[in-house]
Colleague: 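Got a structure here, written out as structure tokens. Questions coming.
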Amino acid sequence: MKVPLEIWKFGGASLADEHGIRRAVDQIALHRGPLVVVASALAGVTDLLLSAAPDAAQTFRAKHHAVARAIAKGADRDRLIAAIDTSAREYEDICKALKMLGHIEPRARDLLVSRGERLSSQLLATAIAGARYIDAVDVIATDAAYGNAAPEIALTAKRARKVLLPLLKAGSIPVVPGFIGRAPDGSVTTLGRGGTDLTATLLARSLAAKCVVFWKDVPGILTADPRLVPDARVIPHLHHREAAEVAHYGAKVLHPRALIPVSGTRITLRIRSFVDPNLPGTEVAAKQSLKGYPVKALAILSSQAVVTVAGKGMVGVHGIAARTFGAVDAASVSVSTIFQASSENSIGFTVPNGDADRAVVSLRKVFKHELDHGLIDGVTSRSGMAVIAVVGEGMAGTPGISARVFDALAAGGINVVAIAQGSSERNISFVVSEQDAPEAARRVHAAFQLSKIGGGRPVSKPHTDVVLLGYGRVGRALSEQIVSGSNDDVRVIGLLDRSGYLFDAKGLSRSRLKELAKAKDKGALLSSLGGKKASATDALTVISEHAVSRPVIVDVTSDETAEVLNTAVGRGFDVVLANKKPLAGNWESYARLLDGAASRGRTVRYEATVGAGLPIIDTYRKLDESGDRVLRIEGCVSGTLMYVLSQVSAGRAFSAAVREAVDRGYAEPDPRDDLSGRDAARKGLILARMIGYRGAPPTAHDLVPEAYRQLPLKEFLSRLEELDADWKKRTEQEATRGSVLRYVVSATPKKVSAGLLAVPKSSAMGAAEGTRNIITFHSKRYKEPLVISGPGAGADVTAAGLLNDICSLGPA
Ligand code: ADP
Ligand code: ASP
Ligand code: MG
């Protein structure tokens with residue numbers, strides 16, 4: 001064969017439904033050259049089959065029917081439907097029989113679950129042009145360890161060549177179910193959960209393929225499980241041996257034994273994103289790479305128990321270790337990590353939580369004599385533990401690795417229960433309590449700067465990468481301040497708008513940002529300006545997979561962006577806001593954002609949401625940190641309302657003041673957005689929540705009378721004069737009492753309000769004019785309030801507030 005053979009494996013998560021199957025079919029159609037396809041069961045099907053629930057057969061049938069109907073027609077469809085029905089019926093029968101037998105033998109269970117892969121593969125084979133379905137039992141030979149069978153490599157190679165090579169020569173694409181094989185007696189076996197990975201590598205070895213591609217719902221092998229370490233990044237290259245360690249320690253991304261068939265060969269493994277095939281993914285090959293990273297990945301194995309055999313009588317007595325593991329093996333429990341203290345008076349190892357009791361019973365039996373005679377003090381187990389394996393080829397010979405690991409843990413006050421270093425020096429594993437595991441993993445991940453792995457060597461000088469959500473007036477002013485400032489530690493690496501995103505890991509240049517601003521002024525969208533079309537969530541996913549440094553998302557939209565921001569936080573971003581909406585919705589969504597960030601060690605800053613660049617939140621923080629207690633924050637937080645009301649109190653007609661506010665660009669294009677008080681109320685709510693308010697958002701006092709609220713804008717503006725007389729009357733009335741009208745928000749830990757208030761003309765709020773904001777803090781120490789006042793609106797001052805927040809996130 002001239003063009004080298006490839007094996008493509010499609011994971012269950014990718015084959016979720018008919019869309020997944022179609023996508024796989026499309027990808028295969030684009031491929032040139034000989035190909036063998038290996039398929040997992042459709043997403044969720046293996047679990048469903050194992051559940052043997054009363055309606056499992058029905059769900060199983062419906063799920064596959066839907067796919068068959070969507071992808072096939074005529075005779076093909078009839079054939080598939082018949083196969084599905086037979087499989088579902090058999091499954092139902094077996095389940096019924098099992099109910100009577102009371103329990104399920106591993107052998108019967110394997111037969112039960114094998115139908116998931118068999119059907120998904122038949123579906124795929126029908127949908128792929130030129131494909132042929134080949135049952136795995138005709139190819140994959142295994143031992144008889146049902147549920148977790150080991151392959152017979154030589155026999156498999158012989159069968160694979162015999163069955164598959166003629167098909168490949170004839171130009172067809174064999175489609176083989178993953179996960180299943182045949183025991184010596186001809187019955188069906190399975191290779192253990194996730195076993196399709198192993199089927200693929202076995203076939204690669206058997207057929208001397210050049211490359212195995214695992215199409216996954218993740219973009220590659222990441223430096224750690226992204227659900228626990230949000231900063232996790234795609235590792236561009238791994239050695240076979242490193243991938244094997246990662247897999248062995250339970251990173252779900254690869255079957256624990258998937259690397260065995262290819263180790264020692266020149267076969268390359270590629271883990272690629274099924275969602276975005278343009279991403280490079282991870283290459284696993286027999287070569288060393290990324291020399292700057294002695295540590296490349298962490299694997300986190302949860303739900304473990306530490307079993308310990310302890311006693312002074314063990315010292316110097318040989319054979320204890322052998323008998324210990326003999327006992328564990330006799331109970332069919334598999335051990336992931338072994339520890340022995342150098343004093344030799346204890347041996348410890350980890351096993352899955354659920355196997356601990358069996359291991360302990362078996363050990364007590366084996367050591368009955370020693371226990372009875374006090375030579376062994378006891379056999380104990382402690383559940384709720386996690387093993388974290390720190391993996392990297394370069395650890396061998398690099399001094400100080402374990403010191404860095406344990407310094408990082410010590411700095412976090414994390415208690416390490418046990419430590420083991422493999423003699424290969426390719427891995428250090430340690431045990432911590434399950435609750436501590438995510439924090440421990442994040443700390444070790446940070447200690448080795450693994451979040452920068454995609455970009456070559458770690459950068460020695462950390463910097464901040466800014467992604468702007470929105471590129472309007474404030475966004476542009478901010479990017480201008482970033483690129484023209486003296487602070488070259490901050491870069492703008494991405495812009496997002498409704499259409500898509502633009503991303504440059506090296507940072508967008510000043511001229512590029514200017515050019516984009518100009519084009520956007522003319523109404524162009526980012527997706528047409530060299531960017532990519534994508535939802536904000538997808539864009540953040542792509543960006544976070546690159547070697548970004550201390551990423552910050554800056555929200556300068558006025559949209560409901562809570563979902564996007566939650567995604568960003570989950571992807572390792574800090575958040576800086578000018579947009580008030582994500583903080584001014586219901587309590588649940590507010591708490592979700594802030595608590596979600598806190599639990600991941602991320603920061604949310606929002607100085608620019610109130611009073612633009614004025615240091616309001618900063619002042620609060622300082623008071624709070626110094627032990628003062630803020631009782632009430634009160635003030636005028638709307639530049640537009642201050643402008644209109646101060647003009648009116650100086651004798652101007654209301655209509656003229658509103659029109660001028662619009663003309664000068666202070667007010668929103670529809671001034672009712674400001675006059676409604678909603679914006680001011682949002683700011684009040686943000687301040688109140690900051691000092692402990694948990695209640696509902698306040699209702700703003702609307703300055704637009706009911707009858708005018710729904711009018712078309714033009715008509716509203718033309719009828720403004722109708723409101724003048726009333727305003728004049730109220731203003732004059734207040735003047736006789738030495739008061740003026742101001743729109744005031746008031747926030748306490750118990751209450752928040754926004755409305756029109758008469759204040760003494762001589763007070764700070766009464767004396768203010770123009771678009772000024774004025775905020776007063778009443779605290780335990782400040783009986784006479786602390787007043788902050790200054791320009792509360794404008795793109796430049798808002799941008800300055802944002803930049804201040806960005807810089808305050810500080811070095812990593
Ligand atoms: P497939 O269906 O393709 O076999 P899996 O669901 O078995 O895929 O494996 C992918 C899952 O593994 C991801 O969803 C991710 O949550 C988890 N995972 C754990 N550790 C890692 C890691 N280091 N890199 C990538 N994914 C990981
Ligand atoms: N379908 C099997 C499982 O869910 C095998 C696999 O997906 O690789 O474990
Ligand atoms: Mg899998």
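Atoms within each ligand, like the ligands themselves, are counted from 1 in listed order.
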Colleague: Would you call the rings of H64 and F60 parallel, tilted or perpendicular if under 30° counts as parallel and over 60° as perpendicular?
Modeller: tilted
Colleague: Check whether any N or O atom of G12, backbone or side chain, sits under 3.5 Å from an N or O atom of ligand 1, and answer yes or no.
Modeller: yes
Colleague: What residue and atom, counting heavy atoms only, is the protein's closest point to atom 17 (C) of ligand 1, and at what distance?
Modeller: R227 NH2, 3.7 Å
Colleague: Heavy atoms only: give me the nearest G12-S40 pair and the separation to one decimal.
Modeller: N-CB, 3.2 Å
Colleague: Taking only heavy atoms of G194, which atoms of ligand 2 are found under 4.0 Å from at least one of them?
Modeller: 3 (C), 5 (C), 6 (C), 8 (O), 9 (O)
Colleague: Students should be able to answer this: which protein heavy-atom is nearest to atom 13 (C) of ligand 1, and at what distance?
Modeller: V218 CG1, 3.6 Å
Colleague: Only heavy atoms count here, so choose which of H255, K216, K252 is nearest to atom 6 (O) of ligand 1.
Modeller: K252
Colleague: Looking only at N/O atoms, are S14 and ligand 1 under 3.5 Å apart anywhere?
Modeller: no
Colleague: For T46, counting its heavy atoms only, list the atoms of ligand 2 lying under 4.0 Å from any of them.
Modeller: 1 (N), 2 (C), 3 (C), 4 (O)
Colleague: To which protein heavy atom is atom 10 (C) of ligand 1 closest, and what is the distance rounded to 0.1 Å?
Modeller: D217 OD1, 3.8 Å
Colleague: Which ligand 1 atoms are under 4.0 Å away from a heavy-atom of A13?
Modeller: 2 (O)
Colleague: State whether the side chain of Q304 and the backbone N or O of S302 hold a donor-acceptor pair below 3.5 Å, judged by distance alone.
Modeller: yes
Colleague: Verify the neighbour count for atom CZ of R592: are there more than 12 heavy atoms of other residues, nucleotides or ligands below 6.0 Å?
Modeller: no
Colleague: Using a heavy-atom cut-off of under 4.0 Å, does the side chain or the backbone of T196 touch ligand 2, or both, or neither?
Modeller: both
Colleague: Which ligand 2 atoms, with their elements, are less than 4.0 angstrom from a heavy-atom of E117?
Modeller: 1 (N), 2 (C), 5 (C), 6 (C)
Colleague: Between ligand 2 and G116, can you find any atom pair, the residue atom being a heavy atom, that is separated by under 4.0 Å?
Modeller: no
Colleague: Can you tell me if A224 contacts ligand 1 (heavy atom of the residue under 4.0 Å from the ligand)?
Modeller: yes
Colleague: For R442, is there an ion pair with E439 - N to carboxylate O distance below 4.0 angstrom?
Modeller: yes
Colleague: Can you report which non-hydrogen protein atom sits closest to atom 7 (O) of ligand 2, along with the distance?
Modeller: S40 OG, 3.2 Å
Colleague: Check each atom of ligand 1 against the heavy atoms of I221 and keep those under 4.0 Å away; list them by number with element.
Modeller: 24 (N)
Colleague: Note the single closest protein heavy atom to atom 24 (N) of ligand 1, along with its residue, its atom name and the distance in Å.
Modeller: L222 N, 2.8 Å
Colleague: Are any of the side-chain nitrogens in K252 or D197 under 4.0 Å away from the carboxylate oxygens of its partner?
Modeller: no
Colleague: At a non-hydrogen distance cut-off of under 4.0 Å, which region of H255 contacts ligand 2 (side chain, backbone, both, or neither)?
Modeller: neither
Colleague: Find all atoms of ligand 1 within a distance of less than 4.0 Å from any non-hydrogen atom belonging to K9, and give their numbers and elements.
Modeller: 1 (P), 3 (O), 4 (O)
Colleague: Write out the residue and atom name of the closest protein heavy atom to atom 3 (C) of ligand 2, then the distance separating them to 0.1 Å.
Modeller: R193 NE, 3.3 Å
Colleague: Under 6.0 Å from the ring centre and within 45 degrees of the ring axis: does the NZ or CZ of R109 meet both conditions for the six-membered ring of Y146?
Modeller: no
Colleague: Counting non-hydrogen protein atoms only, what is the nearest one to atom 26 (N) of ligand 1? Give residue, atom name and distance.
Modeller: V253 CB, 3.5 Å
Colleague: Does I388 form a side chain to side chain contact (heavy atoms under 4.5 Å, CB included) with V444? I'd like the steps, not just the answer.
Modeller: CA-CA 10 Å; I388 300 186; V444 175; 5.9 Å; no
Colleague: Could you tell me whether ligand 1 has any atom less than 4.0 Å away from a heavy atom of A299?
Modeller: no
Colleague: Can any side-chain N or O of E242 pair as donor or acceptor with the backbone N or O of H239 at less than 3.5 Å?
Modeller: yes
